[in-house]
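Below is one structure; the comments refer to it alone.
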Amino acid sequence: AALALLARRLTHPLVPWSSFLLGMVVAVRLVVNPYALEYGDTGGLPFLNWTLYTWGLPLVCLLLTAKWLGPSLRRDASTRAAALPDAARGVLILASVAVGFALVNVQVSDLFQDAGPVELGGHGLMQGMVRSLAWALYGMLVLGIGMGRDSRALRIVGFGLVMLAAAKVFAVDLWSLSGFMWVGSVMGLGATLLAAAFLFERLVLRRQAAD
């Protein structure tokens, strides 16, 4: 993020690309590195813990990098060379979405664990349902941001996360329930899908038809 801010003053192309590569290395290290779960122990305050700044701070930095190296730099001919291509900025934004998704998962695991490293494979019923709900809410958030920014890629990713949460509920969570809890969960799943479909039709498909 500091390099991206420096690129607004220094027009050498090495500066923004160094910022991009560093951001991608951090994102890969946090998303696909299994040892990241052992950076600290669970327990302590819910949400306000080491997972928040370990994944949350890089998430903010990735978003700032994508913003500071965006089209605003191209308005001035003297800084045109410092701006990243739109494809590279898109990769940064998608990497930030992945880091945010990882943050949601480690926060849910930390909430249900008392001690030891974070474990993403918890099998408790409540933990599984909360994780599915967190996936759906995060997907709706990404979908809403994509609509606000008129980003087709973010809309698709957000809708995909909502569908992933729905698939998890149907394939995993529901089979652990019975009676009225099963009925309530199906109703909640249906309400989530209806809300997502309504937003997608009203704010995505209809906007494309108007364009």
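All values below come from the heavy atoms of this structure, side chains included, with hydrogens, waters and symmetry mates left out. Along the sequence shown, residues are numbered consecutively beginning with 1.
Under a hydrophobic-cluster definition in which Ile, Leu, Val, Met, Phe, Trp and Tyr are linked whenever side-chain heavy atoms come within less than 4.5 Å, directly or via other members, Val142 and Met163 are assigned to different clusters. Val32 and Val26 fall within a single hydrophobic cluster, where Ile, Leu, Val, Met, Phe, Trp and Tyr side chains are chained together by heavy-atom contacts under 4.5 Å. Both Leu69 and Leu21 are part of a single hydrophobic cluster, where members link through side-chain heavy atoms under 4.5 Å apart. Connection of Leu133 to Val162 is not established within any shared hydrophobic cluster, with ILVMFWY side chains joined at heavy-atom distances below 4.5 Å, either directly or through further cluster members. Val106 and Tyr53 end up in the same hydrophobic cluster when Ile, Leu, Val, Met, Phe, Trp and Tyr side chains are linked at under 4.5 Å.
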field: Working for side chain to side chain contact (heavy atoms under 4.5 Å, CB included), residues Asn33 and Val28
entry: CA-CA 7 Å; Asn33 172 28; Val28 170; over 6 Å; no
field: Pair Val99-Val31, side chain to side chain contact (heavy atoms under 4.5 Å, CB included): steps then yes or no
entry: CA-CA 6 Å; Val99 173; Val31 175; 3.9 Å; yes
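Residues in residues 91-102 take part in no side chain to side chain donor-acceptor pair (under 3.5 Å) pair, two or more places apart or across chains.
Here Leu94 contributes atom CG and Met24 contributes atom CE; the two are 9.0 Å apart, rounded to the nearest 0.5 Å. One finds the CG atom of Leu103 at 9.5 Å from the OG1 atom of Thr54 (value rounded to the nearest 0.5 Å). Taking CG of Leu154 as the start and CG of Leu143 as the end, the distance is 9.5 Å to the nearest 0.5 Å. Remark: Phe101 CZ to Trp55 CH2 distance equals 13.5 Å, nearest 0.5 Å. Atoms CG and CG, on Leu137 and Leu161 in that order, are 11.5 Å from each other to the nearest 0.5 Å.
Side-chain atoms of Arg131 never come within 3.5 Å of backbone atoms of Val108 as a donor-acceptor pair (strictly under, hydrogens ignored). Looking at Trp135, its side chain never comes within 3.5 Å of a backbone N or O of Leu164 through a donor-acceptor pair. Arg89 contributes no side-chain N or O that, together with a main-chain N or O of Lys67, makes up a donor-acceptor pair within less than 3.5 Å. Side-chain N or O atoms of Tyr138 include one that pairs as donor or acceptor with a backbone N or O of Val97 at under 3.5 Å.
Taking each heavy atom of Ala165 and Ala136 in turn, the nearest pair found is CB-N, 3.6 Å. Residues Ile93 and Ala66 approach most closely at CG1-CB, 3.8 Å, considering heavy atoms.
Note: Phe20 and Trp17 meet the aromatic proximity criterion, with ring centroids under 6.0 Å apart.
Looking at Leu6, Leu5, Leu10 one by one, the single match for side-chain contact (heavy atoms from CB on, under 4.5 Å) with Arg8 turns out to be Leu5. None of Leu57, Leu63, Leu62 except one satisfies the side-chain contact (heavy atoms from CB on, under 4.5 Å) rule with Leu59; the exception is Leu63.
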